[in-house]
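Protein chains get the first letters and strands the later ones, always in sequence-line order, with residue 1 at the start of each. The structure presented is a predicted model; accordingly, all values stated were derived computationally and were not measured.
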Amino acid sequence: MSSKKYILEMFPYPSGNIHMGHVRNYVIGDICARYHKLKGDEVIHPMGWDAFGLPAENAAIQFKTHPQDWTLQNIKNMKRQLQKLDLDLDWDRELATCNEEYYKHQQELFIDLYNAGLAYKKDALVNWDPVDQTVLANEQVIDGKGWRTGAEVEKKNLSQWFFKITNYAEELLTGLDSLDLWPEKVKTMQKNWIGKSIGAEIKFEISGSTDFLNIFTTRPDTIYGATFIAVSVNHKIVSDSLDKKSIEDIKNTFTSISDEKEKLGIKLNLNCKHPLLDKEIPIYIANFVLDTYGEGAIFGCPAHDERDFEFANKYSLPIIKVVECEDGKLPFSGEGKVINSPLLNGLEKKDAIEKIVNHFKKEGIGNEKVNFKLRDWGVSRQRYWGCPIPVIYYEDGTYRVLDKDELPVLLPYNVNLEGKGNALLKKEDWRKLTCPKMNKTAFRETDTLDTFVDSSWYYMRFLNNKLNSPFDSKQIDNLLPVDKYIGGIEHAILHLLYSRFFMKALRDIYGFNVDEPFKQLFTQGMITHKTFRTSKNEWVMPKEVVSKNGALIRLKTKEVIKEGPCEKMSKSKKNVIEPDEILSSYGIDATRIFMISDSPPDRELEWTDEGIQSSKNLIHRIERYFSNEKSLVQNGVEENVEKFVHNIEKNILNFSLNKCVADIYTLFNYLEKTKTFLHNSPLSKKILTCIFPILPRLAISINQSLFNSKNFSLWPDVNLDLLIDDKIILPIQIQGKLVTTIDTEKGYSQEEILKSIYQLDKIRNKISDKKIIKVINVQDKIINIITN
RNA sequence: GCGCCAGUGGCGGAAUGGUAGACGCGCUGGUCUUAGGAACCAGUGGGCAACCGUGGGGGUUCGAGUCCCUCCUGGCGCACCA
């Protein structure tokens, strides 16, 4: 029975050359694809280029080449490299996101999203990468630094385009449960990223005013312990009550401290009324309150929150215990009975929360509230080399999202890329136009889309890369989700979350029946290699180092070299292995098999010379085996070949590709050990079919010479009867410890076996005069004799 | 700090609760030779042995690398998320 299999590897950024990481990624996918083709499945296995993005602009400045020329040239070279690897890819599906043929459809999708209320523009405090001179999404800021440049990110207030991913927060979270073929780890990371918290929103009345301050809390049960309010410096109440200069000063104070975690607060000249008690509590501007989470304001309950406790101690604020705890030590954030809280005394946390929220609702001062950490996705980038956003602005400041018949908005080729900032902004003749619909002067949006937008739907476009619309809904329903998506763990959050959002958003716009884009996700491990350094800590390439009298010496200079740890291949550490060089000295098949040999594909693979060499040796060994023209068949060969077929199939399906390699060794060890020569027998054909996905070149050449054929048979059906071996080695245990094993056949009864093993000295000595209390007999598996 | 994952020979790694160490690398001895980035044969967890061995300690079980508790170590992720 044939079925469709969409096998996809994450498409590469065309940086110039493929590296070993790509090779491993694509070999894994290629093995799957070839296997499924042999199974008779209708396999989709495309490849394309994630071709927009900053490196092209940087290269333009550095090498004085145009980003487009640079990119297209890189694509050409990398395509050549991939083809050298003989990957079985559907090149007729190829696409590059920087081509008009791709991005014009993306502009259409932008319009769709806008019309569906999922794209909007707002002034926002954004993360500004001063090196790349562009805005970054929250998830592209890591430890306060740009994910690409590593530069300290600044805050800037800019008008930006956003995608309303938060509309799908709940579904993006619950959808994870249906992804049973995704690594737990990735799901956990997404779950944490989405960050759902269930709690309450509570209104605090500002004293001497009719205004309220909203706060979000997950612990409304501790409301009686609230002794202060803290707000972020960016909170509205701050700009309402202080002048710009003082706010700037506070911000400077906050950023000047060396210990980021040190709590700082500035008391506002305002108080709040406690919602339940007849007392006033102070409002502080505090450095530890996040303006991007919840309402940017909290109530402080020092007795039951570590941060609030620290803050209260520093500013001598009262600490009121409202939850009972065993040792009485504060702060205590665990569960316990509520105390000192008139409405809630004696209740457990869960009941207390329910009761107090109901009370708030009745009084109109609060509500249940679910809060998400996930923010909307900022997609504006102040860059030239990206997909133009199909929007124009008028002189009065209003804007219009273009209609589909006004597309495409082409990226102009002739731009000045010198200097910093966005080249489109300086391209007056492109920017300025007369709006054909309104017949007045207009200016194009000069921001381009985040390249993560490009990769959020490329797997849809692959289904028909020539279609005159983004995709065909029927095809999406029939051919998605991607059955196996293979790529690096580094995309665990960004790319995969955005793609899931696109799938869902476009599903709702176009009415697809697909909820998730990737049914199975497989994250391959990176490739590491030894590192070496001189005494001055300069990196040295491994091939320059030789071992001499137990010491490591640099060949050229005779310097003594120290060996460092195995690390991810990187140019700066000089431990990179170039695929082109390896391919020319070891060949495709040896390279392929080494990529899967030494560790499971989802774990790190250490590059070693011995490893690649032994892969090469295996290729020679198989060649030698089949070049023997003898035909000599031993009993049991069929069973062994059957076992081989069965195991290798199971292991391909599980991505246990390292075990496939072991299966190949095991088979040839057996054949050679038993001096079985199959030559051009049907069994040889079967074996060749099964090694074809892993070693295609070798299988093809042997198939040619033995059978004079270019074709392989379909993947053989496994005859399960042949897998059952009547001869067994039965372990005998006494008191659960292995004493001996006996060669026997299946099906003997407990009595028969016991009778025969009592004759064995080993057993008799062990038992001697002891009484046998019990015998555990797992038929044909093990016998365990229990004595007193 | 919180969360997740993992700890098995000299190394990479195998083991539906049922013979721990498949398979490979390395190593040791040997064979052959057009002296090779070969190939072949034998061996290779520790211990002379009885036995002991899957990070430590407990537990469940006839039986634990595998399940439970606890601690240690390492990796990854998140990190003032109220």
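In this structure, CG of D291(A) is placed 12 Å from P of C80(B), rounded to the nearest angstrom. With rounding to whole Å, M189(A) atom CE is found 17 Å from G75(B) atom P. Taking atom CD1 of I257(A) as the reference point, atom C1' of C80(B) lies 11 Å away to the nearest angstrom. Put simply, NZ on K187(A) is 14 Å from P on C4(B), counting in whole angstrom units. In this entry the distance linking CD of Q190(A) with P of C76(B) reads 20 Å, nearest Å. Rounded to whole Å, atom C1' of A82(B) lies 14 Å from atom CD of E201(A). Here G3(B) presents its P atom at 11 Å from CG of N192(A), a figure rounded to the nearest Å. Distance L496(A) CG to G77(B) C1': 15 Å, rounded to the nearest Å.
Base engagement by I729(A) is indicated by at least one non-hydrogen atom pair under 4.0 Å involving a base atom. Contacts of V775(A) with the nucleic acid, taken as non-hydrogen atoms under 4.0 Å apart, are absent. Within the nucleic acid shown, Q613(A) comes within 4.0 Å of at least one base atom, counting heavy atoms only. Looking at heavy-atom distances under 4.0 Å, K369(A) makes no contact with the nucleic acid at all. When heavy atoms are screened at a 4.0 angstrom cut-off, L290(A) is found touching base atoms of the nucleic acid. Among the protein residues, D609(A) comes within range of no part of the nucleic acid, since none of its heavy atoms lies under 4.0 Å from any strand. Among the atoms of the strands shown, none is found under 4.0 Å from any heavy atom of D663(A). Residue N617(A) is in sugar-phosphate contact alone, with no base atom involved, counting any heavy-atom pair closer than 4.0 Å across all strands shown. Residue contacts for S597(A): at a heavy-atom cut-off of 4.0 Å it reaches no nucleic acid atom on any strand shown.
Listed nucleotides: C62(B), U19(B), G13(B). Nearest to the side chain of K774(A): C62(B). Among the nucleotides C25(B), G13(B), C62(B), the one closest to any side-chain atom of I776(A) is C62(B). With A82(B), G3(B), A20(B) as the choices, the nucleotide that has an atom nearest any side-chain atom of T188(A) turns out to be G3(B). Distance from the side chain of L738(A) is smallest to A20(B) among C80(B), A20(B), C23(B). Side-chain proximity of N784(A) to the nucleotides A22(B), C62(B), G13(B) is greatest for C62(B). Side-chain atoms of V778(A) lie closest to G18(B) of the nucleotides G13(B), A82(B), G18(B). Taking the side chain of A662(A) as heavy atoms from C-beta on, and the options C23(B), G3(B), A14(B), the nearest nucleotide is C23(B). Comparing G18(B), A39(B), A79(B) against the side chain of I782(A) picks out G18(B) as the nearest. Considering only the side chain of I786(A), C62(B) comes nearest among C62(B), C80(B), G13(B). In the set G12(B), C52(B), U19(B), the nucleotide with an atom closest to the side chain of K737(A) is C52(B).
Using P as the reference atom, A82(B) and G75(B) are 28 Å apart when rounded to the nearest Å. Taking the P atom of each, C4(B) and C69(B) are spaced 12 Å apart, rounded to whole Å. To the nearest whole angstrom, the two C1' atoms, one in G36(B) and one in C51(B), are 44 Å apart. Between the P atoms of A50(B) and C5(B), the separation comes to 41 Å (whole Å). Remark: the separation of the P atoms in G1(B) and C71(B) is 13 Å, to the nearest Å. When the C1' atom is compared between U54(B) and G43(B), the two are found 24 Å apart, to the nearest whole Å. Here, G63(B) and A20(B) have their C1' atoms 14 Å apart, quoted to the whole Å. Nucleotides U33(B) and C23(B) have their P atoms positioned 30 Å apart, rounded to a whole Å.
A salt bridge links E672(A) to R621(A): one of the charged nitrogens lies within less than 4.0 Å of a carboxylate oxygen. With salt bridges taken as basic N to acidic carboxylate O contacts below 4.0 Å, none links E639(A) and K727(A). Taking a cutoff of 4.0 Å between a charged side-chain nitrogen and a carboxylate oxygen, K314(A) and E262(A) qualify as a salt bridge. Looking at E170(A) and K196(A), a side-chain N of the basic residue comes within less than 4.0 Å of a carboxylate O on the acidic one, giving a salt bridge.
Within 6.0 Å of atom NZ in K349(A), more than 12 heavy atoms from other residues, nucleotides or ligands are found, so the atom counts as buried in its surroundings. Residue Q750(A) places its CD atom among more than 12 non-hydrogen atoms of other residues, nucleotides or ligands, all under 6.0 Å distant.
OP1 or OP2 of A22(B) has not a single side-chain nitrogen or oxygen of N669(A) nearer than 4.0 Å. Considering only side-chain N and O atoms, K659(A) lies nowhere under 4.0 angstrom from the phosphate OP1 or OP2 of G12(B). Side-chain nitrogen and oxygen atoms of R603(A) include at least one within less than 4.0 Å of the OP1 or OP2 phosphate oxygen of G13(B). At A14(B), one or more side-chain N or O atoms of N658(A) fall inside 4.0 Å of OP1 or OP2 (strictly under the cut-off). Of the side-chain N and O atoms in Y293(A), one or more sit less than 4.0 angstrom from OP1 or OP2 of A82(B).
With the nearest nucleotide of RNA chain B identified for both D305(A) and I783(A), I783(A) has the one nearer the 5' end. Position along RNA chain B of the nearest nucleotide to E606(A) versus F299(A) favours E606(A) as the more 5'-ward residue.
Judged by distance alone with a 3.5 Å cut-off, no donor-acceptor contact links the side chain of K185(A) to the base of C76(B). For U16(B), its base sits under 3.5 Å from the side chain of K781(A) at one donor and acceptor pair at least. A donor N or O paired with an acceptor N or O is not found under 3.5 Å between the base of G24(B) and the side-chain atoms of E610(A).
A glycosidic torsion no more than 90° from 0 defines the syn conformation, and G9(B) adopts it.
With a 4.5 Å cut-off on side-chain heavy atoms, P693(A) and I31(A) count as touching. Residues N647(A) and T666(A) have side chains not in contact (no heavy-atom distance under 4.5 Å, counting atoms from C-beta outward). No side-chain heavy atom of F311(A) sits less than 4.5 Å from a side-chain heavy atom of P302(A). The shortest distance between side-chain heavy atoms of I165(A) and D376(A) falls below 4.5 Å.
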Task: From CA spacing to verdict: side-chain contact (heavy atoms from CB on, under 4.5 Å), T166(A), F372(A) - done: CA-CA 8 Å; T166(A) 52; F372(A) 290 95; 6.0 Å; no
TODO: Treat a base pair as Watson-Crick or G-U wobble with both distances under 3.5 Å, then lay out RNA chain B in dot-bracket form, 5' to 3', with | for cross-strand pairs.
DONE: (((((((..(((.....[....)))((((((.......))))))((....))..(((((..]....))))))))))))....
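Within the cation-pi definition used here (under 6.0 Å to the ring centroid, within 45° of the axis), K263(A) qualifies as a partner of F288(A).
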